[in-house]
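Values below: all heavy atoms of this structure, side chains included; hydrogens, waters and symmetry mates excluded. What you see is a predicted model; the values in this text were computed from it and never measured. Whatever order the structure lists ligands and atoms in, that order sets their numbers, starting from 1.
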Amino acid sequence: MARLNETHDPALESWIESANDADADFPIQNLPFGVFSHPDSGRATVGIAIGDQILDVTAAYGKGVLDGPADDAARACGAENLNPLMALGGRDWSALRAAVSRALRSNGETAQAAQAAQDEILVPMAGTRMLMPAAIGDYTDFYASIYHATNVGRMMRPDNPLMPNYKHIPIAYHGRASSIVVSGEPCRRPFGQTKPANAESPSFGPTRAFDYETEMAFYVGPGNPLGQPVSLSEAEDHIFGLSILNDWSARDIQAWEYQPLGPFLAKSFASHVSPWVVPLEALAPFRRAAYRRPDGDPAPLDYLASDANETQGGFDVHIQVSIASQQMRKDGMEPVTLAVTNMQHLYWTIFQMLTHHTSNGCNLRPGDMMGTGTISGPTDESLGSILEIARRGATPVTLPTGEERSFLADGDELIMRAWCEADGARSIGLGECRAVIEGV
Ligand code: CA
């Protein structure tokens with residue numbers, strides 16, 4: 001797991017100058033995958049982010065700069081989404097990453113040829129439309145932050161916030177794949193059925209408790225056949241990479257509909273993902289021990305336990321959430337930060353989530369997406385939803401314009417950014433996931 005190689009060398013620089021900025025999200029050590037609408041052809045095309053440019057993988061392959069062990073992976077990038085590449089597996093992903101790194105690094109083996117063809121193989125990120133990275137067949141959303149589960153549970157059951165199963169089993173529900181959209185698309189306020197506690201009967205209308213959920217998503221690589229579970233030691237081979245996920249939630253709809261089968265229309269109206277998928281290999285310098293369970297917590301059952309998972313199952317990924325209301329944008333104000341949280345607050349690792357998901361024999365397929373669940377940390381500054389920050393309306397957020405928010409308002413823009421930094425490693429970013437809420 002998580003081995004470092006030449007592509008992680010913090011000393012590497014790219015001949016694409018913007019990739020060498022200290023605060024660039026996409027230095028040569030990152031090389032995340034996405035799908036963009038090619039400005040010339042309008043075709044959906046697989047790209048790799050580098051500085052403020054996108055490498056058109058198919059064009060680069062056509063120029064002969066990705067030949068050799070990367071052949072199969074480069075050819076898989078000829079598709080209009082990442083699913084064929086995701087289906088291949090770690091050896092191919094790694095070969096392509098190494099070839100791209102050598103083509104884009106200063107003085108790399110194939111850098112001269114790549115640089116000579118730069119007008120044909122690079123597309124400026126600015127003004128280029130990003131598309132969904134994968135055709136997501138199935139979407140499962142977990143509930144893996146114990147802080148979030150405790151905060152929300154306390155609102156429902158003050159004396160007994162955590163359900164008895166929580167520390168034994170990674171909780172999840174099956175989400176809706178068809179309504180997952182990419183950053184930049186708007187989010188329409190959903191209608192639904194609600195019943196306030198003091199109302200006699202339910203009514204139907206736009207949600208009045210519009211919330212976001214700060215999550216990370218991971219995409220499945222090679223799938224598993226129906227009936228053949230993936231063990232924890234194999235789980236890493238089945239995960240392609242990470243993106244940012246905003247799992248919008250209508251709390252009033254959720255409160256009325258969720259028992260006994262869990263969330264349904266309160267979640268399925270939309271989820272936003274960031275366009276770039278950062279491969280697990282790029283995240284190797286930021287792997288950490290899994291969440292340390294406090295003394296007295298039960299150990300996971302055997303199928304969810306391994307030394308490797310415990311020592312390297314965690315990821316040090318910072319996620320910042322900020323908001324800009326319509327009025328703030330009109331007044332030229334910068335977005336204000338609502339919270340900064342971190343993947344290390346997850347009680348279950350993504351490997352335990354995937355293993356648990358297949359433990360009954362359920363088959364996963366390339367491009368399936370899983371969410372971690374809202375990532376809240378232990379402090380007031382690291383809460384992953386406005387439900388928690390504003391305490392269900394008891395402590396509304398005051399924006400610089402004087403506007404107050406217990407939940408989100410029409411015209412609000414929500415922006416999630418994520419990044420990794422560590423001693424001895426080049427910092428990398430996961431980009432951003434943003435959307436403006438449209439009224440109805
Ligand atoms: Ca969620």
field: Check: R176/S178 side-chain N/O donor and acceptor closer than 3.5 Å
entry: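 The answer is yes; a qualifying pair exists.
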message: Distance alone, cut at 3.5 Å: any donor-acceptor contact between the side chains of E388 and S376?
response: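 Per modelled atom types, E388 and S376 side chains form a pair under 3.5 Å.
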- prompt: With sequence neighbours excluded, what pairs up with T194 under the side-chain hydrogen bond (donor to acceptor under 3.5 Å, both in side chains) test?
  reply: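 Applying side-chain hydrogen bond (donor to acceptor under 3.5 Å, both in side chains) to T194 gives none.
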- request: Report, as a single number, the protein N, O or S atoms less than 3.0 Å from the Ca ion (ligand 1).
  value: 4
query: Taking H148 as the fixed residue, which of Y347, Y143, Y166 is the one that meets the ring pair (Phe, Tyr, Trp, His ring centres under 6.0 Å) rule?
result: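 The residue from Y347, Y143, Y166 that satisfies ring pair (Phe, Tyr, Trp, His ring centres under 6.0 Å) with H148 turns out to be Y143.
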query: So does E281 pair up with R97, basic N to acidic O under 4.0 Å?
result: yes
query: Does a sphere of radius 6.0 Å around CG in N165 hold more than 12 heavy atoms from other residues, nucleotides or ligands, not counting ones at 6.0 Å or beyond?
result: yes
